[in-house]
Amino acid sequence: MATTLKYYGHSCFALQDGPHNLLFDPFLTGNPQAAIPASDIQADFVLLTHGHSDHLGDAIPIATRCDATIIAPYELAKYCEHRGAKIHDMGIGGAYKFPFGRVKLTQALHGSAMIDDLGTVEYLGNPCGFLVRIAGKTYYNAGDTGLFGDMDLIGRLYKPDVAILPIGDNYTMGIDDAVEAVKMLKPKMVIPVHYNTFPVIMQDPYEFAKKVGKLAKCVVLKPGESFQVS
Ligand code: NI
Ligand code: MN
């Protein structure tokens, strides 16, 4: 049976396979591109790459409403636990077998903090990417990151079938660096995320697709669109 990858906008997407419903970085409330209100989302696991508001987003209310478990780097997971969510905390380089499959945390070159209305910065540990093995396929969600050479290692060791990469530039890789990431990761399929949500990350995903060319199948999803991975 095929796994459904559903894109909700920005870095938020779901992987749905049979009874399993994994949700990543659910930034919906306040996201001008959000495909669906947070109150309509179902999930049994919520995976968070880092604590910035455009990723942590609605994770805690969704997790508590759905009785879902948040999977996140240790400090961010504890932050969510203190706010009422069920958590599974992890560290970069560590893997764990969940009922749906295996999750491994990878490094990401970025920040991870929550900043309140007074400007107080609360650091939430290291940001991460995720390698998720589900239904015989490996997904690499890079999270927010700049380009790094160990994507070559990730490509060689874990052979991702699908890579989910930011292309927005300014905060993360832009198009050209994301193309370099594809060269190292060698995925069968690549999905660009983290663009066009805000003025500073306006990018043309079709320019990315063109530059990826024959390196991988590039699937450009509009918020609300789904894709069957088979
Ligand atoms: Ni971020
Ligand atoms: Mn971000």
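In what follows, every heavy atom counts, from backbone to side chain, and hydrogens, waters and symmetry copies are set aside. We count ligands from 1, going down the list as the structure has it; atoms in each ligand are counted the same way.
In terms of heavy-atom proximity, Leu48 sits nearest to Pro73 at O-CD, 3.4 Å. In this structure, Ile134 and Phe100 approach most closely via the heavy-atom pair CG1-O, 3.6 Å.
For the side-chain contact (heavy atoms from CB on, under 4.5 Å) test with Thr49, the passing option among Thr145, Asp144, Leu105, Asn141 is Asn141; the others fail.
Between Tyr206 and Phe208, the ring centre distance reaches or exceeds 6.0 Å. Aromatic rings from Phe45 and His20 are positioned such that their centres are separated by 6.0 Å or more. Annotation: Phe13 is not in aromatic contact with Tyr7 [ring centroid separation under 6.0 Å not met].
The other residues sharing a hydrophobic cluster with Ile201 are Phe27, Tyr171, Phe198, Val200, where clustering joins ILVMFWY side chains under 4.5 Å apart.
The Mn ion (ligand 2) sits nearest to atom OD2 when only the N, O or S atoms of Asp144 are considered. For Asp54, the N/O/S atom at the shortest distance from the Mn ion (ligand 2) is named OD2. Closest to the Mn ion (ligand 2) among the N, O or S atoms of His194 is NE2.
Here the side chain of Asp58 pairs a donor or acceptor atom with the backbone of Leu28 at under 3.5 angstrom.
Using a cut-off of 2.8 Å, one finds that His55 contributes an N/O/S atom close to the Mn ion (ligand 2).
Excluding waters, the protein N/O/S atoms found under 2.8 Å from the Ni ion (ligand 1) are His50 NE2, His52 ND1, His110 NE2, Asp144 OD2.
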